[in-house]
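Quick notes on the structure that follows.
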Amino acid sequence: MGVSTSVTVSRPQDGTALVTVDRPPVNALPVQDWFDLADAVRAAGRDPGVRCVVLAAAGRGFNAGVDIKEMRRTPGHAALLGANRGCYEAFAAVYDCEVPVVAAVRGHCLGGGIGLVGNADAIVASDDATFGLPELDRGALGAATHLARLVPPHLMRTLYYTSRTVTAAELHRHGSVWSVVPRDEVLATALALAGEIAAKDGYLLRLAKAAINGIDPVDVHRSYRFEQGFTFEANLSGVADRHRDAFARNRENRGNSTPADGPERERSEDTPETDAPETNAPEGNPS
């Protein structure tokens with residue numbers, strides 16, 4: 001079933017729905033795609049024949065956040081507000097999905113990608129996967145709520161302040177990534193895990209998901225909304241525009257060698273071109 005040009009839903013095996021994002025070149029999503037993704041995940045979770053959802057992406061990376069190009073070419077705050085609400089809806093849809101969600105991550109997982117996987121129930125990642133929030137380098141804030149679900153508190157703060165990334169292997173050591181496999185085995189491994197989950201009673205799985213969310217020590221919805229307010233403040237102050245414009249100019253001047261994870265790291269040919277995490281802005285912000 002096609003949801004949009006960028007988000008599709010399929011049923012690769014009994015009891016499992018596969019939601020796939022495909023927005024070349026790097027899966028940096030415009031506003032509408034965030035809403036489409038939210039709708040797809042929610043619909044899959046409501047389907048009585050689905051007992052587990054796998055969230056995956058085509059192309060070279062899982063997600064590069066919000067489409068900065070859309071942000072820059074849209075006058076006023078319309079795109080900012082739209083991205084803010086769209087990201088909130090997509091992240092919430094993953095967390096609130098009636099059945100468990102397994103994220104299948106290959107390559108880069110930045111900005112909004114952290115919001116998605118941080119709210120998933122399980123993560124399978126490729127051995128070349130990297131995770132991070134380059135928000136400060138893009139004039140945004142947000143998704144620390146979700147990064148904090150992947151790494152310990154002090155590491156989260158250091159990663160956030162430096163805009164550095166961590167590898168799937170590092171997250172596996174922290175227990176937040178279930179398994180790390182070669183790139184071409186990620187989807188099969190995620191589907192195998194989903195199949196193991198989907199073999200359980202569907203009614204009990206839904207009760208279990210609701211129970212686990214109910215005992216979560218952090219209200220992820222409220223926590224993330226709080227963060228978004230500060231991104232909106234950054235945009236109103238003008239500092240966000242300056243950083244976005246500087247990022248775009250830097251890319252134009254340096255091409256694919258633009259820093260990916262912070263000033264000291266250089267982009268490889270496969271690093272996202274528009275990663276960007278504005279995907280974490282407030283109610284009126286990209287995230």
Side-chain angles (χ1 to χ4, degrees), residues 6 12 18-29 37 54-68 94 101-135 137-138 143 146-147 149-152 155-156 158-160 162-194 247 251 254-277 279:
S6 301
L18 172 62
V19 178
T20 305
V21 176
D22 186 7
R23 185 79 181 189
V26 294
N27 288 322
L29 304 185
L37 177 56
V54 173
L55 178 59
R60 65 192 192 188
F62 179 76
N63 189 279
V66 163
D67 186 349
I68 284 185
V94 172
V101 176
V102 176
V105 181
R106 297 186 300 179
H108 56 266
C109 180
L110 304 171
I114 295 296
L116 296 172
V117 303
N119 272 352
D121 295 278
I123 304 168
V124 172
S126 63
D127 51 17
D128 67 345
T130 55
F131 302 76
L133 291 176
E135 317 304 274
D137 288 345
R138 308 294 183 263
H146 312 97
L147 183 60
R149 297 166 70 81
L150 302 176
V151 298
L155 178 55
M156 180 275 286
T158 304
L159 291 172
Y160 198 88
T162 61
S163 296
R164 286 178 176 266
T165 61
V166 291
T167 66
E170 290 172 297
L171 292 187
H172 183 261
R173 287 198 292 272
H174 289 298
S176 49
V177 165
W178 175 255
S179 61
V180 181
V181 297
R183 185 180 180 87
D184 60 359
E185 297 177 16
V186 169
L187 185 56
T189 304
L191 287 172
L193 176 59
F247 170 65
R251 269 204 48 73
R254 301 178 63 182
N256 286 334
S257 64
T258 307
D261 319 316
E264 68 290 309
R265 296 200 184 180
E266 300 298 315
R267 285 185 187 277
S268 70
E269 185 178 344
D270 295 325
T271 306
E273 300 173 3
T274 62
D275 42 82
T279 205

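As the structure is a prediction and not an experimental result, all values here were calculated from the model.
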Where do [X] and [Y] come nearest, in terms of heavy atoms and distance?
X      : Y      : result
Leu18  : Thr20  : CG-OG1, 3.5 Å
Val124 : Ala190 : CG2-CA, 4.0 Å
Thr165 : Gly132 : CG2-CA, 4.0 Å
Arg106 : Gly59  : NH2-O, 3.8 Å
Ala143 : Gly111 : CB-O, 4.3 Å
Ala125 : Phe131 : CB-CZ, 4.0 Å

Quiz item: Are the side chain of Asn27 and the backbone N or O of Ala58 linked by a donor-acceptor pair below 3.5 Å?
Solution: yes
Quiz item: Side chain of Arg149, backbone of Ser176: donor and acceptor closer than 3.5 Å?
Solution: no
Exercise. Would you check, one step at a time, whether the test side chain to side chain contact (heavy atoms under 4.5 Å, CB included) holds for His174 with Leu155?
Key: CA-CA 11 Å; His174 289 298; Leu155 178 55; 3.4 Å; yes
Exercise. Apply side chain to side chain contact (heavy atoms under 4.5 Å, CB included) to Val19 and Leu37, showing your working.
Key: CA-CA 8 Å; Val19 178; Leu37 177 56; 3.8 Å; yes
Practice problem: Could you check if a side-chain atom of Val177 sits within less than 4.5 angstrom of a side-chain atom of Glu170, using non-hydrogen atoms only? | Solution: no
Practice problem: Mind checking the CE-CG spacing from Met156 to Leu147? Nearest 0.5 Å is all I need. | Solution: 6.5 Å
Practice problem: Given side chain to side chain contact (heavy atoms under 4.5 Å, CB included), test Ile123 with Leu150 step by step and report yes or no. | Solution: CA-CA 10 Å; Ile123 304 168; Leu150 302 176; 3.7 Å; yes
Quiz item: Which of these passes side-chain contact (heavy atoms from CB on, under 4.5 Å) with Asn63: Val117, Ile114, Leu116, Leu55?
Solution: Leu116
